[in-house]
Amino acid sequence: MNPVDIPDAHPDARTPCLVLTTVADEADARRLARAVVEARLGACVQATPLRSTYVWDGAVCEAAEVQLAIKTVVGRYAALEAFIREQYGYDTPEIVRIPIAAAEARYLRWLVEVCAEPLT
C-alpha cells in the first residue's frame, strides 16, 4: 500500500464514487455514518429517512428505513463494504457502488484528500 493507505493496484483507486446502504433507524444511521467517517472509509455520509417496498421470503413487505449516501473513493470500497457487513443488522445488506460521473472540482479534491488520510 502507498503512504496514504489507498491501494494503487487499480488505476481508479482515487476515483470518487457514491455508496448507498440502508439501516433500520436514525440511531443506526448516526452510529454507522460516524463510524464510516471516523475510519476515513468515506468523506461524508448523508442520511435520508425513506419507506422501502420490497420482496422478502416471497412476500411484499414495507418498512421505514434510513438510506445512507456515502461519498468515498473506489480504493476504499472493499474495506467499506466489509465494514458495513460487520456493522449491519440485515441478512442481505444493500451495498451499492455508483460512479460519480462529474462533480465540482474543489469538492472532488476534498473528498479524495479526506479518503486518502490514514485509516484509523
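Taking each heavy atom of A43 and C115 in turn, the nearest pair found is N-SG, 3.7 Å. Closest of all the heavy-atom pairs between E26 and P49 is OE2-CG, 3.8 Å. When all heavy atoms of L111 and P16 are compared, the closest pair comes out as CD2-CB, 4.2 Å. Taking each heavy atom of D28 and D25 in turn, the nearest pair found is N-OD1, 2.8 Å.
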Side chains of residues 88-105: which donor-acceptor pairs under 3.5 Å do they make with residues two or more places apart or in other chains?
unit_1: Y88; atom_1: OH; unit_2: T22; atom_2: O; d: 2.2
unit_1: Y88; atom_1: OH; unit_2: T22; atom_2: OG1; d: 3.4
unit_1: Y90; atom_1: OH; unit_2: A24; atom_2: N; d: 3.3
unit_1: Y90; atom_1: OH; unit_2: E65; atom_2: OE2; d: 2.9
unit_1: E94; atom_1: OE1; unit_2: T22; atom_2: OG1; d: 3.4
unit_1: E104; atom_1: OE1; unit_2: R106; atom_2: N; d: 2.9
unit_1: E104; atom_1: OE1; unit_2: Y107; atom_2: N; d: 2.8
unit_1: E104; atom_1: OE2; unit_2: R106; atom_2: N; d: 3.4
unit_1: E104; atom_1: OE2; unit_2: R106; atom_2: NE; d: 2.7
unit_1: E104; atom_1: OE2; unit_2: R106; atom_2: NH2; d: 3.1

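Here the side chains of Q67 and Q46 are not in contact, with every heavy-atom distance at 4.5 Å or above.
Residues passing the salt bridge (charged side-chain N to carboxylate O under 4.0 Å, His left out) test with E86, sequence neighbours excluded: none. Evaluation of the side chain to side chain donor-acceptor pair (under 3.5 Å) rule for R30 yields no partner, not counting sequence neighbours. Listed by chain and number, the residues in a side chain to side chain donor-acceptor pair (under 3.5 Å) with E113 amount to none (sequence neighbours excluded). Residues passing the side-chain contact (heavy atoms from CB on, under 4.5 Å) test with A47, sequence neighbours excluded: A29, V66, L68. Listed by chain and number, the residues in a side chain to side chain donor-acceptor pair (under 3.5 Å) with R109 amount to none (sequence neighbours excluded).
Grouping Ile, Leu, Val, Met, Phe, Trp and Tyr by side-chain contacts under 4.5 Å, direct or through others, puts V55 with V60.
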For this session: Evaluate the criterion side chain to side chain contact (heavy atoms under 4.5 Å, CB included) for residue pair L80 and I70; output intermediate values, then yes/no.
Result: CA-CA 10 Å; L80 175 60; I70 304 165; 3.9 Å; yes
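Heavy-atom neighbours of R34 CZ from other residues, nucleotides or ligands within 6.0 Å: at or below the threshold of 12.
Put simply, the side chain of R40 never gets that close to the backbone of A116: no donor and acceptor are under 3.5 Å apart.
Taken from OG1 in T72 to CD in E81, the straight-line distance is 12.5 Å, to the nearest 0.5 Å.
Sorted pairs that involve residues 51-86 and meet ring pair (Phe, Tyr, Trp, His ring centres under 6.0 Å), not counting sequence neighbours, are lacking altogether.
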